[in-house]
Amino acid sequence: MIYKGYEFQENDECLIIKNVKDFNPTHIFDCGQCFRWGKKEYGVYFGIVKDKCVEVSFKSTKNESEGDVIISNSGLDDAKLWYNYFDLETDYSLIKNILKKDNILAKAIEYAPGIRILKQDFNEMLISFIISANNSIPRIMKTIENICNKYGDELTYKGKVHFTFPSIEIFAKLTSEDLRFSSAGFRCHYIVHTAKLAEECRLSGDDLMKISYAQALEVMQQFRGVGPKVADCVLLFSGVKMEAFPVDVWVKRVIEALYLKKSATFKEITMFADVKFGLLAGYAQQYLFYFARENKIGIKKRE
DNA sequence: TTGCAGGGGTCAA
DNA sequence: TTGACCCCTGCA
């Protein structure tokens, strides 16, 4: 079957998307944008998206940059879901060619050419990135897993039980005491406060797409536990605003070390990215983030 | 073994 | 502008 220019095949309870360019599971699932994907073996990632447990791998055909995406436990009915989730609409080769004019980005892109920005659920991103504040990735993943295990719906995959990410309505009914077990700590209070407000105003990613990036940032920061960084992450990783440029410590380090050659404030870095990368800032951020973290750019060694 | 920074920030004073 | 916030990990 053909859907929007891509050929989809079903084989052995797997969905295969033929001839996809710019797709590398390691680059995609390990660039800090998602918390419910984990490596199973080399090049194979297990993840939970909506009410589906799947394994995703990539088999190159013509050359390294083009091949088939193989999604287990999925079929042709899900073609639209994955087309959207993996942002197959966007021509990453085109974006990379524009960004590569900058020498530093050219290096970062060469390092992880298979990055794609996933279009994830807006409310899931909102709660997940509140949990991410002043936290480390393994702990963020553990906290989210704890919450899903208690409040999500049960799914079974290969004989093992997994859980969906709870809806915002479920979070809205909880108290911070209910979340205390999850080790989200001081973020419990933010989560329930934000969930109640999000449910009340029924805010969606679609609503935010209709207003400017600056306005969307302002709306987002009305939620408890959502400052500039978390707001940018939610907007970018739910596919609402691709010019969002989340500035975390890694991005701050890489911009300071490679571009500015001096220490800078978060605000200065945000302004720099806006001028330098414009509407492609979100994509640039992902290449730089991955490059910085994998190579430990800008880390000061202890005396 | 213990102790203590510090982490993919945000809030409040 | 700065300290406090949960709590877990890594390092000395």
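So you know, we letter chains A, B, ... as the sequences are listed, proteins then strands, and number each from 1.
One can place CZ of A:F129 at 11 Å from P of B:dG9, the figure rounded to the nearest angstrom. Between the CD1 atom of A:I140 and the C1' atom of B:dG7 there is a distance of 9 Å, given to the nearest Å. Rounded to whole Å, the distance from CE on A:M141 to P on B:dG7 is 20 Å. Atom CD1 in A:I130 sits roughly 21 Å away from atom P in B:dG7 (whole-Å rounding). Between the NE2 atom of A:H189 and the C1' atom of C:dA4 there is a distance of 14 Å, rounded to whole Å. One can place CG of A:N146 at 12 Å from P of C:dC7, the figure rounded to the nearest angstrom. Going from atom CZ of A:R224 over to atom P of C:dC6 covers 14 Å, rounded to whole Å. Rounded to an integer number of Å, the gap from CD1 of A:I117 to C1' of B:dG8 is 15 Å.
Among B:dC11, B:dG8, C:dC7, the nucleotide with an atom closest to any side-chain atom of A:Y190 is B:dC11. Checking B:dG8, C:dC8, B:dA12 against the side-chain heavy atoms of A:R139 singles out C:dC8 as nearest. Of the listed nucleotides (B:dA12, B:dG8, B:dT10), B:dT10 has the atom at the smallest distance from the side chain of A:V230.
One finds a side-chain N or O of A:R253 lying less than 4.0 angstrom from the OP1 or OP2 phosphate oxygen of B:dG7.
C:dC11 and B:dG8 are spaced 13 Å apart, taking the P atom of each and rounding to whole Å. Taking atom P in both C:dC6 and B:dA13, one finds a spacing of 15 Å when rounded to whole Å. Remark: the separation of the C1' atoms in C:dG3 and B:dG6 is 15 Å, to the nearest Å. For the P atoms, the distance from B:dA5 to C:dA4 is 12 Å, rounded to whole Å.
The nucleotide B:dG8 finds no pairing partner, because no Watson-Crick or G-U wobble arrangement with both distances shorter than 3.5 Å includes it. In this entry C:dC6 has no Watson-Crick or G-U wobble partner, no candidate having both defining distances under 3.5 Å.
Under the 6.0 Å distance and 45° angle rule, A:K252 counts as a cation-pi partner of A:F266. For the pair A:K150 and A:F181, the cation-pi criterion (under 6.0 Å, within 45° of the ring axis) is fulfilled.
In this structure, A:F223 reaches the sugar-phosphate backbone alone: every heavy-atom distance under 4.0 Å involves primed, P, OP1 or OP2 atoms, never a base. Residue contacts shown for A:R187 include a base, since a base heavy atom lies under 4.0 Å away. Looking at heavy-atom distances under 4.0 Å, A:V226 makes contact with sugar-phosphate atoms alone, never a base.
Between the side chains of A:D178 and A:Y151, no donor-acceptor pair of N or O atoms lies under 3.5 Å.
Residue-to-nucleotide proximity on DNA chain C shows that, of A:P138 and A:N134, the 5′-proximal contact is made by A:N134. Comparing A:Q221 and A:F237 against DNA chain B, the residue whose closest nucleotide sits nearer the 5' end is A:F237.
In this structure, A:F171 has its ring center closer than 6.0 angstrom to the ring center of A:F165.
The only option from A:Y290, A:Y111, A:F291 that meets the ring-ring contact (aromatic ring centres under 6.0 Å, His included) definition with A:H27 turns out to be A:Y290.
A:Y157 and A:H162 have tilted rings, their planes meeting at an angle from 30° to 60° on a 0 to 90° scale.
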